Number of protein chains: 2
Amino acid sequence: MPTVSDVAARAGVSTATVSRALNGKPTVDPDLAARVRQAADELGYQPNGPARNLRRQEAAVVALIISDVENPFFTAIARGVEDVAHEVGYSVVLCNSDESVEKENRYLDIAIQERVAGVILSPSGPTSTVAKLASRGTAYVAVDRPLPGQDSDVVLVDTRLAAREATAHLVAQGYERIGCITGPAGVRTADDRLAGYRDALKAARRRTPKLVRRTEYKAAGAHRAALDLLAQSEPPDALLIANSAMAVGVLQALQERGVRAGRDVGLVTFDDAPWAALVDPPLSVVAQPAYEIGAVAARLLLARIADPTRPPTATTLGARLIERASSRR
Amino acid sequence: MPTVSDVAARAGVSTATVSRALNGKPTVDPDLAARVRQAADELGYQPNGPARNLRRQEAAVVALIISDVENPFFTAIARGVEDVAHEVGYSVVLCNSDESVEKENRYLDIAIQERVAGVILSPSGPTSTVAKLASRGTAYVAVDRPLPGQDSDVVLVDTRLAAREATAHLVAQGYERIGCITGPAGVRTADDRLAGYRDALKAARRRTPKLVRRTEYKAAGAHRAALDLLAQSEPPDALLIANSAMAVGVLQALQERGVRAGRDVGLVTFDDAPWAALVDPPLSVVAQPAYEIGAVAARLLLARIADPTRPPTATTLGARLIERASSRR
DNA sequence: TTGAAAGCGCTAACAA
DNA sequence: TTGTTAGCGCTTTCAA
């Protein structure tokens, strides 16, 4: 594998000049620079990243730690981050914490060890160990969920309001016994969606029925929760579901029990998955601006890398309810 | 940020002993090792990855370059790769080439620069530049699609056979004008699925009608293709669709044109997406063993890293047809 | 504008 | 078993 020395020898210059030429420093004679570039090309020279990063004490890499690679909401965030980062020459490495605080912690360690320039993460639980980043001066931004007890940059969605509106919509459609299937306690989006649901019921002067279930943010958990709710003596006639993976589990449960979605049970779910309008009946959803969350987070991170002293900001984006047949009486 | 020297000073030993202790080398006194570990903990020491990798001339990292992060098939592969790699202490960095040969090439350069131990990729086009890896001795494995002109390890699905079976199933169900929407020419899976489709029609002594459309492997392209097919004077009465993203586009098109899936047009699509059984009507699919593809590829990569001289192998996994209502007359 | 040389933090010969 | 020391490949003073 060729090194700067090889390139230098071939171009008949010093390694310092090679470095300067290849990094586009203005203080190098154009002719020499051209000779260096040609030598590098001929040798198929690729700079040694670890050596460069060791010397520079920083890498043009940001780590993106998301809680579920199989969730379209998070992959859309990833697209937003990538597009912004690439524009300014940063690479993005994607890490899947799989909703596990342990894996998240492991990836945070790796991010520190690799001395990445910054980290964007959606915290998997209430006990994230991001404090490590702060104490080392590594820039980071939280997305989707705030970091407990951390005064960091954060990009959120006003998910409580969205949940409230979605629930109010179900009330307005005449549903009587509205249930809610949401994520684990301590995960902020799960708590907020539940709070918004309760806000709406309270505003409608409904007693909050025992129709709330909390489970992991995945299909399997929601499947169990839905079966449980359906087995009640007074089952719900509508459900607010906290993400699209859960919606899959709920729809399966309804199918298995012969309960017709949209007729027997009204549904609104978070996240406008590509398939949401294609199921029977088309799913009413709360569409979150996932791509934009990623793009905004990336811009905040870059700003913080450039100026570590800037005060932390909280950005809250809106979500919008898309009414389809699954919530129309 | 503390370094080995800091730890050494605090533990009262040399940097060499710190390195040995922290890396679990057997030639270090247990008491000393404990003292070193304690000192490291107290300082919150995290090894400097670039320095370590520079010295070791290799990193325990594999790069996984997939052609579409938003496609569940590829994220399932990622899960398989991660699980196997993590077992043996390797990290996985996920790169999204977005079906672009240019981005793929860029990530290959980054992988080389970072001196990763190996690369797993699903080539985005017929003109991949992986040869760079070979010439540098970096291990790599292709998944889903073989590398043109490369004699590398590869993990594939017998997708031609699967397409043939799926098409034969449509024939057996009595569909007369069976169309096919597949990916770009030169992408092996797209070509193979088309070939399998033609195999089946030929075996059934059908004339191959002008009902084939090729487009990018995404919803938008398939949407256009489906509208185009429906506008024919003799539109298809069944379709074989080459992946689940495309299925989304096709189902949208059918909806827009008021064509009832499963009744007016039979459908079989590749990939058993989580939502496939939930649409109306439930989608018949060719289920590919995505997770296993990833797991096998990771094991092959690790084997090749351990022994670069081992002969390349080609693994072909089977797919299975799941018949649901969308293809039943 | 260019070159010589130091040094980033770590690991691995080699010596003791 | 432990310490001393060289050096991985690069960038960046400092000198010329």
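Within every chain, numbering begins at 1; the chains are lettered A, B, ... in the order of the sequence lines, protein sequences first and strands thereafter. A quick note: this is a predicted structure, and the numbers were derived from the prediction, not measured.
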Task: Ionic contact status for K218(A) with D98(A), cut-off 4.0 Å - done: yes
Task: Lys/Arg N to Asp/Glu carboxylate O, D109(B) vs K132(B), below 4.0 Å - done: yes
Task: Heavy-atom protein contacts under 4.0 Å, nucleotides 7-12 of chain C, coded B base, S sugar-phosphate only, - none - done: BBBBBB
TODO: Could you check how far CG of N53(B) sits from C1' of dC10(D), rounded to whole Å?
DONE: 15 Å
Open item on the list: I'd like to know if the side chain of Y45(A) reaches the main chain of D6(A), judged simply by a donor and an acceptor atom lying under 3.5 Å from each other, with no hydrogens or angles considered.
Closed with: no
- [ ] Examine dG3(D): is either OP1 or OP2 under 4.0 Å from a nitrogen or oxygen in the side chain of T17(B)? Give yes or no.
- [x] yes
- [ ] Look only at the side chain of R304(A) and the backbone of R310(A), and say whether a donor-acceptor pair between them is shorter than 3.5 Å.
- [x] yes
TODO: Would you write the dot-bracket representation of DNA chain D, where each base gets (, ), [, ], | or . depending on whether it forms a Watson-Crick or G-U pair under 3.5 Å and with which partner?
DONE: ||||||||||||||||
With a cut-off of 3.5 Å and sequence neighbours excluded, list every side-chain donor-acceptor pair involving residues 59-74 of chain A.
| from | atom 1 | to | atom 2 | distance (Å) |
| --- | --- | --- | --- | --- |
| S67(A) | OG | S122(A) | OG | 2.9 |
| D68(A) | OD1 | E70(A) | N | 2.9 |
| E70(A) | OE1 | R79(B) | NH1 | 3.1 |
| N71(A) | OD1 | F73(A) | N | 2.8 |

Open item on the list: Under 3.5 Å, is there a donor on one side chain and an acceptor on the other for S97(B) and S124(B)?
Closed with: yes
- [ ] Check for a donor-acceptor pair, side chain of R145(B) on one end and backbone N or O of P123(B) on the other, with a separation under 3.5 Å.
- [x] yes
Open item on the list: If I take atom CG in residue D29(B) and atom P in nucleotide dT1(D), what distance separates them, rounded to the nearest angstrom?
Closed with: 8 Å
Task: Any donor-acceptor N or O pair under 3.5 Å, side chains D307(B), T309(B) - done: yes
